[in-house]
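Note that these values count all heavy atoms, side chains included, but never hydrogens, waters or copies made by symmetry. All values derive from a computational prediction rather than experimental measurement.
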Amino acid sequence: MGGIGIVRVSGPLARELARAVLGSVPAPRQATLAAFHDERARVLDQGLALYFPAPASFTGEDVLELQGHGSPVALDRLVRSLVARGARPARPGEFTERAFLNGRIDLVQAEAVADLIASAHEDAARAAACTLQGAFSQLVRALDARLAGLRAHVEALLDFPDEAPDIAADVPLAAGLAALLSDIAEAVRRGREGRVLQEGVRVAIAGPPNAGKSTLLNALAGHEAAIVSPYPGTTRDLIRERVVIEGLALELTDSAGLRASDDPLEREGIRRAEAAAAQADCVLWTIDDSAPAPPLPPPAARIIVYTKIDLSGRPAGACAEGYAVCAQTGEGLSELRRGLRARLLGRAAESETEGVFGARRRHVAALERAEHALREALAHQTEGAMELAAEELRLAHEALGEITGRFTSEDLLGRIFSEFCIGK
Ligand SMILES: Nc1nc2c(ncn2[C@@H]2O[C@H](COP(=O)(O)OP(=O)(O)OP(=O)(O)O)[C@@H](O)[C@H]2O)c(=O)[nH]1
Ligand SMILES: [Mg+2]
């Protein structure tokens, strides 16, 4: 229920349906006040009608938009009367899917529509809007075009084996490959930043029992999400909290303290804790600064957090190995928050996130594959192995094509568009 409800029709029947519902087809792209009629000429509602003839519409097809009142009952009657006249209800994301299939937008932009709708905070919305405007697509397309040029060059050499060209001596080719490689590496870096903004990141709080993990989670979340007690081994289940820290959406996970244990329940908790740390983008490794026992060795991707500094007397804030905090008083937490953002966002953390485009995991993965294949191609080229270089270039080209949708499987398309809400 709301002020306005919009029913959208796309496809070859849109024009005929406009005439049937409104009595006439509205002038293209002009808001026209009209009564909406059902198939027995009864008035269902009154509102604004907009008609967008193909190809200048969102989907690239004839589109009719009926903006009525936001009554679920009235809207349902309107939809049913359109279906009775030959329309059918759209699948989730079907309008955007058609826009993609009709070449109005590429796949990255289609995904940005969903990301903009789903964005949980301001930076994410800005990044998605930037991608929707085509910033990321243009970058990928420019890389794609350069790669296509280099591929064509190598393929042409392959077509004339009699002349036995020595590609190892082809200086312009080597220079082109090296320059493209460095630009793709830069795109990977920017894509990673974009992904952090768009999808948020997983941060696991890990460490020995009783280190103050749950207290830290509660302090960062701003409420008592996890049980805190003086007994080691309190937390068993994974406790997930969505928090926005310095404009970044994070999923924080608190878990069981890691130690050798005979208790099967605690062992299961530790197994889950280790899995959560392995899947996280970043691990906050807590160490009780007031305890004499030596801490366990921390895993690779981590930020060390010394806890309970009110007892140990260590100064709060950044220190050589990480951050020193007292989660009970909040001392040192703002430095930790800022450090976490810097760690996760890289260079984008310093400047405004203006101009950072949103990206998804699959984009970054494809860019990384392209980078890897190109690196291989360059190595083969240096050794004069032309066929192998050509094959790696083909793989790199395919990886880039997957991003914009030049090269995609039905499967991937189905997965992407099924995430949308209906009507978009
Ligand atoms: N003085 C002081 N005590 C703290 C601080 N942080 C946590 N504690 C205490 O340390 C004890 C353990 O805290 P928890 O947050 O439950 O520790 P944990 O790491 O989640 O422990 P497990 O779930 O058992 O692994 C509790 O008694 C807390 O009140 C701190 O900054 N200062
Ligand atoms: Mg705990």
May I ask you to decide if the ring planes of Phe136 and Phe357 are parallel, tilted or perpendicular, using 30° and 60° as cut-offs?
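Correct class here is parallel.
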Indicate yes or no for a side-chain donor-acceptor contact from [X] to the backbone of [Y] under 3.5 Å, with no hydrogens or angles considered.
| X | Y | answer |
| --- | --- | --- |
| Thr286 | Lys213 | no |
| Gln109 | Asp106 | yes |
| Asn102 | Arg104 | no |
| Arg236 | Ala256 | no |
| Thr307 | Ile287 | yes |
| Thr234 | Pro230 | no |
| His363 | Arg360 | yes |
| Ser261 | Arg259 | no |
| Ser57 | Ala54 | no |

- Message: If you apply the rule side-chain contact (heavy atoms from CB on, under 4.5 Å), what do you find for Cys282 with Ile303, and how did you get there?
- Response: CA-CA 7 Å; Cys282 180; Ile303 294 177; 3.9 Å; yes
Can you tell me how far apart [atom1] ([X]) and [atom2] ([Y]) are? Round to the nearest 0.5 Å.
| X | Y | atom1 | atom2 | answer |
| --- | --- | --- | --- | --- |
| Leu132 | Ile105 | CG | CD1 | 7.0 Å |
| Asp289 | Cys326 | CG | SG | 11.0 Å |
| Asn210 | Ser229 | CG | OG | 7.0 Å |
| Thr215 | Ile227 | OG1 | CD1 | 12.0 Å |
| Leu238 | Ile205 | CG | CD1 | 11.5 Å |
| Leu400 | Arg141 | CG | CZ | 12.0 Å |

task: Check the pair Asp170 / Val154 against side-chain contact (heavy atoms from CB on, under 4.5 Å), numbers first and verdict last.
output: CA-CA 10 Å; Asp170 192 329; Val154 173; over 6 Å; no
Open item on the list: Between Arg8 and Glu94 (salt bridge meaning N to carboxylate O under 4.0 Å), is one present in this structure?
Closed with: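 Salt bridge between Arg8 and Glu94, a charged N being under 4.0 Å from a carboxylate O: no.
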**Item:** Ion pair check, Glu268 and Arg271, cut-off under 4.0 Å
**Value:**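 Arg271 and Glu268: salt-bridged.
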Under the side-chain contact (heavy atoms from CB on, under 4.5 Å) test against [X], which residue among [options] passes?
| X | options | value |
| --- | --- | --- |
| Gln67 | Asp45, Leu48, Val7 | Leu48 |
| Ile403 | Val364, Asp144, Val108, Leu107 | Val108 |
| Val203 | Ile245, Leu252, Leu220, Val243 | Leu252 |

Over 12 foreign heavy atoms within 6.0 Å of [atom1], [X]:
| X | atom1 | value |
| --- | --- | --- |
| His153 | NE2 | yes |
| Gln133 | CD | no |
| Ile4 | CD1 | no |

**Asked** Would Phe100 and Ile416 satisfy side-chain contact (heavy atoms from CB on, under 4.5 Å), going step by step from the backbone distance to the final call?
**Response** CA-CA 12 Å; Phe100 166 69; Ile416 288 171; over 6 Å; no
### Query
Which pairs, with at least one residue in residues 50-70 and sequence neighbours excluded, count as a salt bridge (charged side-chain N to carboxylate O under 4.0 Å, His left out)?
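Every salt bridge (charged side-chain N to carboxylate O under 4.0 Å, His left out) pair that includes a residue of residues 50-70, provided the two are not neighbours, is Glu61-Arg98.
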Chi angles and distances behind the side-chain contact (heavy atoms from CB on, under 4.5 Å) call for Leu395, Arg369:
CA-CA 8 Å; Leu395 291 175; Arg369 258 185 295 128; over 6 Å; no
Kindly state each residue pair satisfying side chain to side chain donor-acceptor pair (under 3.5 Å) with at least one member in residues 381-393, sequence neighbours excluded.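 Listed by first then second residue: Glu391-Arg394.
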